[in-house]
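Just so you know, these numbers use all the heavy atoms, side chains as well, and skip hydrogens, waters and symmetry mates.
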Amino acid sequence: MVGGSVPVFDEIVLSTALMNQVVSFDDVSGTLVCQAGCVLEELSRLVEERDFIMPLDLGAKGSCHIGGNVATNAGGLRFLRYGSLHGNVLGLEVVLADGTVLNCLTSLRKDNTGYDLKQLFIGSEGTLGVITAVSILCPPKPKAVSVAFLGCPSFAEVLRTFRTCKGSLGEILSAFEFMDATCMQLVGRHLHLACPVQESPFYVLIETSGSHAGHDAEKLGSFLEHALASGLVTDGTLATDQRRIKMLWALRERITEALGLDGYVYKYDLSLPVERLYDLVTALRARLGARAKHVVGYGHLGDGNLHLNVTAEAFSPSLLAALEPHVYEWTAGQQGSVSAEHGVGFKKRDVLGYSKPPAALQLMGQLKALLDPKGILNPYKTLPSRA
């Protein structure tokens, strides 16, 4: 997404694919210790056989490595319920630039002995050290999962639905995703996926995960009844069997694929105050007019994360100039983040100043100089080019 793992100049690619051993799994605590090259989907299968799940789930789970997930602080679809990897990773083994093996591979939930060094490497994109092994906490596998797919008449109703949802569903709410009508049209046109509810300006996908199917169904049923009666949603469908759940999730997960088939895509991954999340999409449609084929907004509403995508027939320097730095300036004006979950990599290193103050950028540069004085680890990435 941001060129973090793409060699641009003279880099050497280091693969951890052969470091794919599971070291241990504790059935009591749910702690998994494994090497960095383990594929996320294979780890998911392994822990699910023992009635646990991985705390993260991504569209790329079939190919991404857990070491890369940690190095990029990957977000994804379970963030709302289980939080970020900064909270789920218990320990790391990291090789530093000088070859020192830093073994902080603890499995302890609590360890208040000085600086929490592992946090430096989570989200550092390989610029401070190479993660070689991970200790990660896996939550128990939910016994009952349900997905509701709803149509909303406006973004104001999407927000009110979210607020009501949090209050009604509480601890069983595991995902709250939204997409606009254009997303649904593109998924239908390019991937031939049918919309399961009547046409609406916005759609939300709500997932619940709990330990008691009857209790969860009662809570979800009561919420849906209220949402329909009060006009928050105009139509909805509910899935409890695995096949239909996958079908509903596909409408959200395959938006990226549909956009790729629509033309050249300009992609932005922003964190914004939830109440302003869609304002930028509306403003950009007016700003770009006919120069853009489509301007769409979708994402993890529960986390305040907007995926803003603009499609065009082909790359256009003038369209890019209309988008940047305008998108970043608008985001900074809302005290948002120019990268919610995709990271910095090569493409966003020079826009960090929109989200980080000069003192923070200076300290990041000092940490890089201390741990990697020769600049050999993922060079040209993550830090501003002047650093």
Side-chain angles (χ1 to χ4, degrees), residues 40-41 44 48 52-61 69 73-85 87-88 138-152 155 157-180 183-184 187 193 196-197 202-213 215-217 219-221 223-224 227 232-233 236-256 269 271-272 274 277-278 297-307 340-342:
L40 179 59
E41 192 166 47
S44 290
E48 281 181 30
F52 287 83
I53 60 168
M54 293 298 287
L56 76 159
D57 184 26
L58 313 170
K61 59 191 166 211
N69 296 153
N73 188 29
L77 305 166
R78 290 181 180 157
F79 191 99
L80 177 65
R81 176 73 173 270
Y82 301 114
S84 85
L85 289 174
N88 292 304
C138 300
K141 183 181 179 181
K143 291 184 171 62
V145 177
S146 303
V147 168
F149 196 89
L150 315 171
C152 289
F155 192 70
E157 270 76 33
V158 171
L159 292 175
R160 283 174 57 213
T161 302
F162 178 50
R163 195 161 54 238
T164 309
C165 192
K166 281 199 296 182
S168 304
L169 301 178
E171 79 291 347
I172 64 168
L173 179 63
S174 54
F176 193 103
E177 303 285 313
F178 92 99
M179 56 196 276
D180 61 23
C183 287
M184 181 62 83
V187 162
L193 300 182
V197 296
F202 290 91
Y203 303 91
V204 298
L205 182 149
I206 297 166
E207 184 189 76
T208 62
S209 309
S211 56
H212 193 289
H215 167 261
D216 295 359
K219 286 185 94 163
L220 193 53
F223 159 72
L224 291 174
L232 289 180
V233 304
T237 184
L238 183 61
T240 50
D241 66 282
Q242 202 54 40
R243 187 188 62 82
R244 284 206 73 232
I245 285 173
K246 278 188 169 166
M247 191 183 83
L248 293 179
W249 263 115
L251 294 167
R252 163 63 185 86
E253 286 187 308
R254 296 184 69 189
I255 294 171
T256 306
D269 162 50
S271 266
L272 292 163
V274 176
L277 203 66
Y278 200 73
Y298 66 98
H300 318 292
L301 187 102
D303 315 327
N305 182 184
L306 171 71
H307 293 312
E341 62 181 7
H342 292 166

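By the 4.5 Å heavy-atom criterion applied to side chains, L56 and N88 are not counted as neighbours. Residues L251 and P196 are in side-chain contact: their nearest non-hydrogen atoms beyond the backbone lie under 4.5 Å apart. Side chains of I53 and P139 form a contact here, defined as non-hydrogen atoms less than 4.5 Å apart. Counting heavy atoms from C-beta outward, E48 and M54 have side chains that stay 4.5 Å or more apart.
Not counting sequence neighbours, the partners of S168 by the side chain to side chain contact (heavy atoms under 4.5 Å, CB included) test are T164, F223. Partners of H212 under the side chain to side chain contact (heavy atoms under 4.5 Å, CB included) rule, at least two apart in sequence or in another chain, are H215. Listed by chain and residue number, K61, L77, R78 satisfy the side chain to side chain contact (heavy atoms under 4.5 Å, CB included) test with D57 (two or more places apart in sequence, or in another chain). T237 is linked by a side chain to side chain donor-acceptor pair (under 3.5 Å) to R244, counting only residues two or more places apart in sequence or in another chain. Evaluation of the salt bridge (Lys or Arg N to Asp or Glu O under 4.0 Å) rule for E171 yields K219 as partners, not counting sequence neighbours. Evaluation of the side chain to side chain contact (heavy atoms under 4.5 Å, CB included) rule for F79 yields S84, D303 as partners, not counting sequence neighbours. Judged as a side chain to side chain donor-acceptor pair (under 3.5 Å), and not counting sequence neighbours, S44 has no contacts. In terms of the side chain to side chain donor-acceptor pair (under 3.5 Å) criterion, residue partners of Y298 (sequence neighbours excluded) are, by chain and number, T256. By the salt bridge (Lys or Arg N to Asp or Glu O under 4.0 Å) test, E157 is found to be paired with R160, residues two or more places apart in sequence or in another chain being considered. Applying the side chain to side chain donor-acceptor pair (under 3.5 Å) criterion to N69, with sequence neighbours excluded, gives no partner residue. For E177, the salt bridge (Lys or Arg N to Asp or Glu O under 4.0 Å) partners are R252, not counting sequence neighbours. Applying the salt bridge (Lys or Arg N to Asp or Glu O under 4.0 Å) test to R81 and every residue at least two apart in sequence or in another chain returns nothing.
The distance from the NZ atom of K166 to the CG atom of L173 is 9.0 Å, given to the nearest 0.5 Å. Distance check, rounded to the nearest 0.5 Å: CG of L193 to CE of M184 gives 8.5 Å. Taking CG from L159 and SG from C165, the interatomic distance works out to 12.5 Å, rounded to the nearest 0.5 Å. Rounding to the nearest 0.5 Å gives a distance of 9.5 Å between CD of E253 and CG of L58. Between the CG atom of L205 and the CD1 atom of I245 there is a distance of 10.0 Å, given to the nearest 0.5 Å. In this structure, the separation between CG on D216 and CD1 on I172 is 4.0 Å, given to the nearest 0.5 Å.
Panel note: side chain N305, backbone G299; no donor-acceptor pair is recorded below 3.5 Å. Proximity of a side-chain donor or acceptor of D269 to a complementary backbone N or O of H342 within less than 3.5 Å is detected.
Considering every non-hydrogen atom in both G151 and V197, the closest pair reads N-CG2, 4.3 Å. Nearest heavy atom pair, residue T240 against residue S146, reads CG2-OG, 3.5 Å. When every heavy atom of T161 is checked against every heavy atom of I206, the shortest pair comes out as CG2-CD1, 4.5 Å. Across S271 and A340, no two heavy atoms sit closer than the pair OG-CB, 3.3 Å. L248 and A239 get closest at one heavy-atom pair: CD1-CB, 3.6 Å. Closest heavy-atom contact between F52 and C138: CD2-O, 3.3 Å.
V233 pairs in a side-chain contact (heavy atoms from CB on, under 4.5 Å) with only one of the listed residues (V158, L224, L150), which is L150.
Below 30°, between 30° and 60°, or above 60°: for Y278 and F178 the angle between ring planes is above 60°, a perpendicular geometry.
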